[in-house]
Number of protein chains: 2
Amino acid sequence: MKTTATLKKISDHLNISISTVSRALKDHPDVAPETKRRVKELAAMLDYEPNAFAVNLRKKHSNVFAVVVPEISNYFYHSFIQAVEEDARRMGYTLMILQSMNDPDVEEQNLRLCRHNHVAGIFVALTSRTAHMQPFKKLETVDIPLVFFDKVPADETFNKVSIADYDTGRQAAELLLKHRKAPVLAIFGNAQLSITQRREKGFTDVCREAGTLNKLTICYAEHADEAVRHTVQYFQIHGKAFASVFSMSDEIMCGVLKGLNQLQMKLPDDAALLTISNGFLPTLFSPEIAFVKTSGYDLGKLSFSRMMEIMSGKTFVRENFLASTYIPGGSL
Amino acid sequence: MKTTATLKKISDHLNISISTVSRALKDHPDVAPETKRRVKELAAMLDYEPNAFAVNLRKKHSNVFAVVVPEISNYFYHSFIQAVEEDARRMGYTLMILQSMNDPDVEEQNLRLCRHNHVAGIFVALTSRTAHMQPFKKLETVDIPLVFFDKVPADETFNKVSIADYDTGRQAAELLLKHRKAPVLAIFGNAQLSITQRREKGFTDVCREAGTLNKLTICYAEHADEAVRHTVQYFQIHGKAFASVFSMSDEIMCGVLKGLNQLQMKLPDDAALLTISNGFLPTLFSPEIAFVKTSGYDLGKLSFSRMMEIMSGKTFVRENFLASTYIPGGSL
DNA sequence: TTGTAAGCGTTATCAC
DNA sequence: GTGATAACGCTTACAA
């Protein structure tokens, strides 16, 4: 192993002091041009790179951002990470990606690791079971900025960036009504989740306002299998009386498709289908499924710029919302 | 901001030396039990955590592994990362995930970052356009162990872990023959890629050995769209004379499904379908698509154990292969 | 314009 | 058992 180059080695070689080398390398104004040239030349030759540990130790912080998500095997979080990665790289930061495996204990362990490594900032999507926010509060005491995204806490003292779920729900319902697709079977996810509650409220509010609440049937499915079952059962019980199905997520959408398939029903003639999605899965089917797009990528961009604002200091704690857009498809 | 606890603070508080505190905290045998107790108690109270920068600077390496992939938005790499993450965590390491955006320059930049941060080891899947291995060679000179996975270089001086592509191709062909599904339309990906070449060789070798080479039609699709086109065209040209379609990847499979759909053909009666996949997408359709599973997760486990071997020093450079398994589905 | 020296928080090698 | 002390590689007042 060729020993790595350090400031000291360069300074010894050139018979100048370490500090001069250090300054020359960072183009400090008051170092002689000739000296700079010599230093830089040798540094390049020796393939010198500053030792990040030493720099960080000295500066007391690293240029690493952390992203803590319940699961990275998730297209939405992926695109979020992708977006943050792009911006982070552009600003000279790198990203440390941590999974909580949807376990609050692992989540806490991840936070400890972040503190431990003095990361520059943390982006967090909570696990669905995170109960106490104590570990997060602790980050404030060590001045690590925190931005919650997607799965955010109720607590108002935190910075949050989230999907405008209520509006997304409204948007979906409006689309269905506009296309005259009542009566509709709406399948939501876990009823306990706030995301479900907000989307459902938006959806039903529109139906109520339009006076078509009686043409709306709601049910809940926690997994794709359950969505299959509901689809089959509701259509059989109600004698295929639904003009359309609304699905709250990709997973449910997949279930609905399987269900309709079992019933030998064709999209969009036998029934229309509209879902909420981050955008990958709906395009795989034929006809492509119409969806209201909640963009993880855009959320990432928004979160990052929020993080930068927070780090610059001139801002207040608040929650930002990201709007969704309609992507047409042959299923509606 | 509450100042963070350090060894010095604890030692001042207790009027003992820094070294004793350090030793007490790591249960060094020759420190008095009573002293240990007091130190640990105070440390817990002050919420002390060792400063990772200082430790790393001192020890000259960090306990962070890096994973460098072309794209993380890819189910295969996901499961790979998931597996490595699990093992790394268990061993007290953390993971730094870096994307190359399939750009050799970004890839090189990522490697520099790894060196710079003295990572404990690197797992790399090359971009499809990586030409020179110089940057990788450089890692050896600074003693950073390297394991290539999935997209590995031809160079034999590197450690590699990869899918047994040839065998996987064979396995697929054997399954198709066993189910009497000739003639078959086989759609592969980019013909330049070694992964394509190996899978294709395995596939055709079996057909040749079985004497059914004349019942095999091969074509190449770089994107899903192309696969749609090929599917439609080949079936129309050949008057639906194929008993089955073989697809080399998820993306192609999606294209084939759309194509068959356009042709109003039903699986598995009008045509059978077998694909190679990491396992997520094939289960979304109905009937579920039969596939030969190349497990990113298993590859991750294998890579990690390989990394550990390399780090322990008692091993030689070599390439490991991971076998695939058949997952039945209604499409075959 | 350049050099000296203190310190960042730890670990490790000596002494006592 | 415990305590000095010297690194690790870098930045940054403060001198010269």
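Atoms considered below: every heavy atom in the structure, side chains included; atoms not considered: hydrogens, waters and symmetry mates. Residue numbers start from 1 in every chain, and the chains themselves are labelled A, B, ... in the order their sequence lines are given, proteins ahead of strands. Small disclaimer: the values here were computed from a predicted structure and weren't measured.
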*side chain to side chain contact (heavy atoms under 4.5 Å, CB included) with A:V152: which residues, sequence neighbours excluded?*
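With neighbours one apart ignored, the set is A:F148, A:K160, A:S162, A:E319.
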
Please list, pair by pair, any protein nitrogen or oxygen found under 3.5 Å from a nitrogen or oxygen in nucleotides 5-9 of chain D.
unit_1, atom_1, unit_2, atom_2, d
D:dA7, N3, B:R58, NH1, 3.3
D:dG9, OP1, B:K60, NZ, 3.1

*Is the distance from OP1 or OP2 of C:dG3 to the nearest side-chain N or O of A:T20 less than 4.0 Å?*
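Yes, such a contact exists.
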
*Indicate the ring-plane relationship of B:F123 and B:F65, choosing parallel, tilted or perpendicular according to the 30° and 60° boundaries.*
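Perpendicular: the ring planes of B:F123 and B:F65 meet at over 60°.
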
_Plane angle bin for B:F80 and B:F149 - parallel if under 30°, tilted between 30 and 60°, otherwise perpendicular_ =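 Correct class here is parallel.
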
*Atom CD1 of A:I10 to atom P of C:dG3: distance rounded to whole Å?*
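Rounding to the nearest Å, CD1 of A:I10 and P of C:dG3 are 14 Å apart.
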
*Does B:E34 CD have over 12 foreign heavy atoms under 6.0 Å away?*
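Enclosed.
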
*Would one find more than 12 heavy atoms of other residues, nucleotides or ligands at under 6.0 Å from atom CE of A:M311?*
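Check passes, neighbour count above 12.
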
*Does anything in residues 23-40 of chain B reach DNA chain C, meaning a heavy atom under 4.0 Å, and if so which residues?*
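Nucleic-acid contacts, sorted: B:R23, B:K26.
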
*Contacts of type side-chain hydrogen bond (donor to acceptor under 3.5 Å, both in side chains), residue B:K60, not counting sequence neighbours*: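 Scan of B:K60 (side-chain hydrogen bond (donor to acceptor under 3.5 Å, both in side chains), adjacent residues dropped) gives none.
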
*asked:* Could you work out, with side-chain hydrogen bond (donor to acceptor under 3.5 Å, both in side chains) as the rule, every residue matching B:K59, not counting sequence neighbours?
replied: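 Checked B:K59 against side-chain hydrogen bond (donor to acceptor under 3.5 Å, both in side chains); zero matches.
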
*Can you pull the salt bridge (Lys or Arg N to Asp or Glu O under 4.0 Å) pairs that have at least one residue in residues 91-118 of chain B, sequence neighbours excluded?*
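Non-adjacent pairs meeting salt bridge (Lys or Arg N to Asp or Glu O under 4.0 Å): A:E49-B:R115.
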
